[in-house]
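Every chain is numbered from 1, with letters handed out A, B, ... down the list of sequences.
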2 protein chains.
Amino acid sequence: MVKSRKSKEKEKEEVCQTIEIHPDIVKKVQENTPSEESLNKLAEFFKIMGDQTRIKILYALFNAGEMCVCDISYVLGKTQSAISHQLRILRQAKLVKFRKEGKVVFYSLNDEHVKEILDVGYSHIKEE
Amino acid sequence: MVKSRKSKEKEKEEVCQTIEIHPDIVKKVQENTPSEESLNKLAEFFKIMGDQTRIKILYALFNAGEMCVCDISYVLGKTQSAISHQLRILRQAKLVKFRKEGKVVFYSLNDEHVKEILDVGYSHIKEE
DNA sequence: TAAACATATGAACAACTATTCATATAAATT
DNA sequence: AATTTATATGAATAGTTGTTCATATGTTTA
């Protein structure tokens, strides 16, 4: 069912004419791609990192080590409510952990990866 | 203006009573945080990674090396239009590059970082 | 040059999300 | 016990985003 348009080059047959696709490429891609569930989780993870407020919270926690909600609100210039809502999301994603001391709740990064990912992202946006 | 509630431990004064914050912590965070512009770009970058379709495209390109739009559509089971729209976003973010050969447009990853970031993200979601 | 094809794109719509506002909970202070 | 303080959370809203549909662009083939 596959019609290769050109075979000048050996591996260049993945052309897509009349809705027919070269099966080798398709197979290769399908085999090496993580499961649907993993891809879901991965997208979900990046989605959580993809918000300015949350990025700022993560950077603040990295620099301070540990901060209470009120401090974060002050530093970021956002309402306590907005910060609390975002902290809940970060908590559920297990990107931050917390510790209660009386009324005050201290948040900190939960994971070595978080800074690592921020760094890789940073070096990407800083390149050119 | 700052009232430290407790000084049992030296560095634990970042408590936030009556809207007053310990200035040392605030200063430290403010000095070490990337510029507003960088944080914007960073959030924007992660936002782009935070979509299942786009993640799948990136994985497919990584595995195949190079793919035309129609191939991608077929592998991901999405319409050509949906894929084209997402490719435009990936293009604008410089995550993919393209090469035209007649009618066909071949896309590939533009950046070493892309796979690196996918990997770091993957190892995060695979941990527990 | 007309038809077929691969890709791109604008508009519309539905789904999602971040913030605000009001209020709840829970701990500390008076 | 009542008040103050720190944080959490539900509901409402405004803004954003991904997909679909229709169509445009540009290339190849007949």
Side-chain angles (χ1 to χ4, degrees), chain A residues 3 5-6 14-22 39-40 43-44 46-57 66-93 96-108, chain B residues 3-6 14-22 39-40 43-57 66-93 96-108:
Chain A
K3 300 175 282 177
R5 185 164 60 93
K6 54 177 288 199
E14 70 273 13
V15 178
C16 187
Q17 70 237 52
T18 324
I19 312 171
E20 293 303 332
I21 295 99
H22 195 279
L39 291 173
N40 259 325
E44 210 53 46
F46 285 123
K47 199 175 292 177
I48 286 167
M49 307 278 292
D51 177 82
Q52 227 196 324
T53 303
R54 289 191 290 266
I55 287 272
K56 284 183 182 172
I57 292 175
E66 191 176 62
M67 286 178 92
C68 69
V69 179
C70 171
D71 279 343
I72 301 172
S73 304
Y74 177 80
V75 172
L76 303 196
K78 299 248 173 189
T79 65
Q80 173 269 319
S81 180
I83 297 299
S84 251
H85 278 296
Q86 296 303 340
L87 282 171
R88 183 170 49 83
I89 293 170
L90 292 171
R91 232 163 48 215
Q92 286 171 348
V96 301
K97 59 177 185 279
F98 65 98
R99 169 178 79 79
K100 291 188 78 172
E101 192 174 306
K103 288 180 293 191
V104 183
V105 180
F106 291 96
Y107 282 85
S108 54
Chain B
K3 301 174 282 176
S4 312
R5 186 164 59 92
K6 51 177 291 200
E14 69 274 11
V15 178
C16 187
Q17 71 235 55
T18 325
I19 312 173
E20 294 303 331
I21 296 99
H22 196 279
L39 291 172
N40 260 325
E44 209 55 45
F45 168 67
F46 285 124
K47 199 177 294 178
I48 286 166
M49 307 278 292
D51 177 82
Q52 227 197 324
T53 303
R54 288 192 291 266
I55 287 270
K56 283 182 183 174
I57 292 174
E66 192 177 60
M67 286 178 91
C68 70
V69 178
C70 171
D71 279 343
I72 301 172
S73 303
Y74 177 80
V75 172
L76 304 195
K78 299 248 174 190
T79 66
Q80 174 267 321
S81 179
I83 297 299
S84 250
H85 278 297
Q86 297 304 340
L87 283 171
R88 182 171 50 82
I89 293 170
L90 292 171
R91 233 163 46 214
Q92 286 171 347
V96 302
K97 59 176 184 283
F98 66 98
R99 169 178 79 81
K100 290 189 77 171
E101 192 173 305
K103 290 178 293 190
V104 184
V105 180
F106 291 97
Y107 282 86
S108 56

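- Rounded to whole Å, the distance from CD1 on A:Ile89 to C1' on C:dA18 is 8 Å.
- Ring geometry for A:Phe98 versus A:Tyr107: interplanar angle of 30 to 60°, hence tilted.
- Side-chain nitrogen and oxygen atoms of B:Gln86 include at least one within less than 4.0 Å of the OP1 or OP2 phosphate oxygen of D:dT19.
- In this structure, A:Thr79 reaches the C:dT20 phosphate: one of its side-chain N or O atoms is under 4.0 Å from OP1 or OP2.
- For B:Arg91, a side-chain nitrogen or oxygen approaches OP1 or OP2 of C:dT9 to under 4.0 Å.
- Set against D:dT19, C:dT9, C:dT17, the side chain of A:Lys47 has C:dT17 as its closest nucleotide.
- Side-chain atoms of B:Ser81 lie closest to D:dA22 of the nucleotides D:dT7, D:dA22, D:dT19.
- The OH-P distance, from A:Tyr74 to D:dA6, rounds to 15 Å in whole Å.
- Of all nucleotides listed (C:dT7, C:dC5, D:dT7), C:dC5 comes nearest to the side chain of B:Lys103.
- In terms of phosphate contacts, A:Arg88 brings no side-chain nitrogen or oxygen within less than 4.0 Å of OP1 or OP2 of D:dT7.
- Separating the CG atom of B:Leu87 from the P atom of D:dT19 is a distance of 12 Å, rounded to the nearest angstrom.
- Protein atom CD of A:Glu101 is 11 Å distant from nucleotide atom P of D:dT7, rounded to whole Å.
- In terms of phosphate contacts, B:Thr53 brings a side-chain nitrogen or oxygen within less than 4.0 Å of OP1 or OP2 of D:dT19.
- Listed nucleotides: C:dT20, C:dA6, D:dT7. Nearest to the side chain of B:Val104: C:dA6.
- Neither OP1 nor OP2 of D:dG18 sits under 4.0 Å from any side-chain N or O of B:Gln52.
- Between the C1' atom of C:dA18 and the NZ atom of A:Lys78 lies a distance of 8 Å, rounded to the nearest Å.
- A:Ala43 and B:Asp51 make their closest contact through CB-C, 3.9 Å (heavy atoms, listed as atom of the first residue, atom of the second, distance).
- In this structure, the CZ atom of A:Phe98 is 14 Å from the C1' atom of C:dA26, given to the nearest Å.
- Taking all atoms of both residues into account, the shortest heavy-atom contact from B:Cys68 to B:Val104 is CB-CG1, 3.4 Å.
- Whole-Å rounding puts the B:Lys100 NZ to D:dG26 P distance at 8 Å.
- Put simply, the residue from A:Ile72, A:Leu76, A:Val75 that forms a side chain to side chain contact (heavy atoms under 4.5 Å, CB included) with A:Lys56 is A:Leu76.
- Between the CD1 atom of A:Ile83 and the P atom of C:dT20 there is a distance of 10 Å, rounded to whole Å.
- In the set D:dT7, C:dA22, D:dC21, D:dC21 carries the atom at the smallest distance from any side-chain atom of B:His85.
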